[in-house]
Enquirer: 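Pasting in a structure now, in structure tokens, and then I'll have a few things to ask.
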Amino acid sequence: CIAFFFFFFFFFFLLLFLCLSTVSMFLNTLTPKFYVALTGTSSLISGLILIFEWWYFRKYGTSFIEQVSVSHLRPLLGGVDSSSPSNSNTSNGEADSNRQSVSECKVWRNPLNLFRGAEYNRYTWVTGREPLTYYDMNLSAQDHQTFFTCDSDHLRPADAIMQKAWRERNPQARISAAHEALELEDCATAYILLAEEEATTIMEAERLFKQALKAGEGCYRRSQQLQHHGTQYEAQHRRDTNVLVYIKRRLAMCSRKLGRTREAVKMMRDLMKEFPLLSMFNIHENLLESLLELQNYADVQAVLAKYDDISLPKSATICYTAALLKARAVSDKFSPEAASRRGLSTAEMNAVEAIHRAVEFNPHVPKYLLEMKSLILPPEHILKRGDSEAIAYAFFHLQHWKRVEGALNLLHCTWEGMFHEVSVYPKKELPFFILFTAGLCSFTAMLALLTYQFPELMGVFAKAFLSTLFAPLNFIMEKVESILPSSLWHQLTRI
């Protein structure tokens, strides 16, 4: 084995030496025009790659080469996706993957979205216009199908009807299907649809949600007992959990809208304690708004301390509520003239920095809070850090800013001293491959220019560089030639 390995190693170096000899002979025959063409072509190709990489980064926020490497090459090389749940702890793994997918999502369901029948439809009755766009309603239909349906719905007739109802575009067809499902049995999702779309008052919607809660709790208890009997029962339990959380959250919102704010706060706290991993509904944002209505600022600070974390996805509610609490400590005595004379105190500096962070996260909010832009009804879905999120936040939180004396004045002074253009916070760093291709393109373009201007000199430099690069291999091969007999070396070269 040792002899075979030695022979293989020697044969490999022999082939390498012959290849180098051939390459050196080939390079000696090349003209300067070839080097100009080579460097020019390399510069053109790297420039095209740079342009494509830059366009892809501006459009999708990531590097194309890096994405292909991570998505396709990494699995082939044996890489493991860190976000995939482990078999040893499935529940924790699913929670981590859900949290990661949520944090990467840009379009979110509005946690404080209005009721279609009791609130959005009032606008239609008065103006004859639709308050929601088709795109927004289509996203809601997708959410309903995701949360309220599962693959085993065909086993229960009422659920099978509701599965079709959530896909209907016509509101009247959806409502008729919900009534048809209720004729067969008490169906929680049918009550949800009627409470959302048919009820014309909040009190009527609350009554229907209470009926939905009774039916939903029964389904949840049954599926909880069978969830470990197979994937089908596990999917049913996941669907029943989503239905139950949705019902309880909407009941709490009904209590809040009907003036029973303390009752709403208790319901939200109980819901967050019972289902702590379901962060996709953002129940803490409903809780923050209710606590601000009660002017219970200590509890608001406690909730912010839990959810204003760097590992959790931010929102305008989190950022601007934190800024409001900091502003509340100094806003009643704040004066721009006095601050310019004596400078900002520590508390004022903290408030200004908090407002800076909030404005950097979503720069659209101040114009709505300062009533420089008119408010409209908030959509059912919001784009994080976009104008729709600003509308949704200001629609529900403007009253809380007005209640704190001087808060809007401090916001106005701080915002005027910042910037009015849309921020790009957090600033995206250019991916490595964009910098690499930019450097490669510039370097090859410079080589092409120098080779074109000084062909003979650049040819000398190229040959000197290659000879220096291959000098160690040439030295090794010379030593091998001196050690081996000339006849043996001649026979091997012939082979």
Side-chain angles (χ1 to χ4, degrees), residues 85 87 89-95 97-98 102 109 140-168 174-199 204-255 263 266-283 286:
N87 294 330
N89 194 351
T90 306
S91 60
N92 291 339
E94 288 180 354
S97 61
N98 287 339
V102 165
R109 187 167 180 84
S140 297
Q142 294 176 18
D143 290 341
H144 296 152
Q145 293 175 51
T146 302
F147 294 142
F148 302 151
T149 64
C150 65
D151 295 335
S152 61
D153 282 344
H154 64 278
L155 300 177
R156 293 191 290 190
D159 289 335
I161 294 174
M162 289 307 301
Q163 191 175 42
K164 297 179 181 178
W166 294 120
R167 297 172 181 167
E168 284 286 348
R174 289 195 296 269
I175 293 173
S176 300
H179 284 293
E180 183 181 351
L182 288 175
E183 292 176 359
L184 300 176
E185 60 177 329
D186 270 358
C187 181
T189 53
Y191 283 122
I192 289 176
L193 192 147
L194 295 179
E196 291 285 353
E197 300 194 20
E198 189 182 42
E204 187 180 353
E206 184 183 38
R207 178 182 61 80
L208 289 169
F209 273 120
K210 287 181 178 178
Q211 293 177 276
L213 179 62
K214 184 178 179 181
E217 286 179 335
C219 293
Y220 176 77
R221 285 193 295 267
R222 289 193 295 270
S223 63
Q224 191 176 28
Q225 297 172 357
L226 302 173
Q227 62 174 317
H228 301 296
H229 290 190
T231 55
Q232 174 181 326
Y233 295 102
E234 186 179 351
Q236 286 184 4
H237 179 63
R238 192 182 305 114
R239 188 271 312 273
D240 293 337
T241 302
N242 291 335
V243 170
L244 186 62
V245 172
Y246 185 89
I247 293 170
K248 289 186 175 182
R249 174 173 160 271
R250 292 303 258 178
L251 276 173
M253 293 177 68
C254 288
S255 298
E263 178 185 342
K266 183 180 183 304
M267 295 171 68
M268 293 173 192
R269 289 188 185 277
D270 293 342
L271 185 57
M272 294 168 64
K273 190 180 299 182
E274 186 178 1
F275 302 98
L277 295 179
L278 288 180
S279 59
M280 68 186 77
F281 290 103
N282 291 330
I283 304 170
N286 299 87

Enquirer: Would you say the side chains of Q236 and S152 form a donor-acceptor pair under 3.5 Å?
Expert: yes
Enquirer: Looking only at heavy atoms, what is the nearest atom pair of A158 and L184, with distance?
Expert: N-CD1, 4.1 Å
Enquirer: Check each of H237, Q232, R238 against E234 using the side chain to side chain contact (heavy atoms under 4.5 Å, CB included) test, and report the only one that passes.
Expert: R238
Enquirer: Can you name the closest pair of heavy atoms from F147 and V243 and give their distance?
Expert: O-CG2, 4.3 Å
Enquirer: Before you tell me yes or no, could you show the steps for R249 and M268 under side-chain contact (heavy atoms from CB on, under 4.5 Å), namely the whole-Å CA-CA distance, both residues' side-chain angles and the distance that decides it to 0.1 Å?
Expert: CA-CA 7 Å; R249 174 173 160 271; M268 293 173 192; over 6 Å; no
Enquirer: Locate the shortest heavy-atom distance separating A165 from A177; write the atom from each residue and the value.
Expert: CB-CB, 3.6 Å
Enquirer: Should R156 and E185 count as an ion pair when the cut-off is N to O under 4.0 Å?
Expert: no
Enquirer: Just by distance, with hydrogens left out, do Y191 and E196 show a side-chain donor and acceptor under 3.5 Å apart?
Expert: no
Enquirer: Check the angle between the aromatic planes of Y246 and F209 and answer parallel, tilted or perpendicular using the 30° and 60° thresholds.
Expert: tilted
Enquirer: So does K248 pair up with D270, basic N to acidic O under 4.0 Å?
Expert: no
Enquirer: Would you name the heavy atoms of A252 and M267 that are closest together and state the gap between them?
Expert: N-CE, 3.6 Å
Enquirer: Are the side chains of I192 and L208 in touch, meaning some heavy atoms are under 4.5 Å apart?
Expert: no
Enquirer: Does a side-chain heavy-atom distance below 4.5 Å link T149 with M162?
Expert: no
Enquirer: I'd like to check L194 versus H179 (side-chain heavy atoms, cut-off strictly below 4.5 Å). Are they in contact?
Expert: yes
Enquirer: With a 4.5 Å limit on heavy-atom distance, are the side chains of R250 and M253 in contact?
Expert: yes
Enquirer: To the nearest 0.5 angstrom, please state how far the OG1 atom of T189 sits from the CG atom of N242.
Expert: 12.0 Å
Enquirer: Does any part of the side chain of F148, heavy atoms only, come nearer than 4.5 Å to the side chain of L193, both counted from C-beta?
Expert: no
Enquirer: Pairs under 3.5 angstrom only: tabulate donor-acceptor contacts from the side chains of residues 210-221 to other protein residues two or more places apart or in another chain.
Expert:
residue : atom : partner : partner atom : Å
Q211    : OE1  : R207    : NH1          : 3.3

Enquirer: Rounded to the nearest 0.5 Å, how far does CD1 of I175 lie from CD of E180?
Expert: 14.0 Å
Enquirer: Could you tell me whether a side-chain N or O of R174 sits under 3.5 Å from a main-chain N or O of E168, the two making a donor and an acceptor?
Expert: yes
Enquirer: To the closest 0.5 Å, what do you measure between CZ (R109) and CG (N282)?
Expert: 11.5 Å
Enquirer: Quick one: does C150's side chain get under 4.5 Å of Q163's, heavy atoms only?
Expert: no
Enquirer: Might you point out which heavy atoms bring D159 and R239 nearest each other, and give the distance in Å?
Expert: OD2-NH2, 3.8 Å
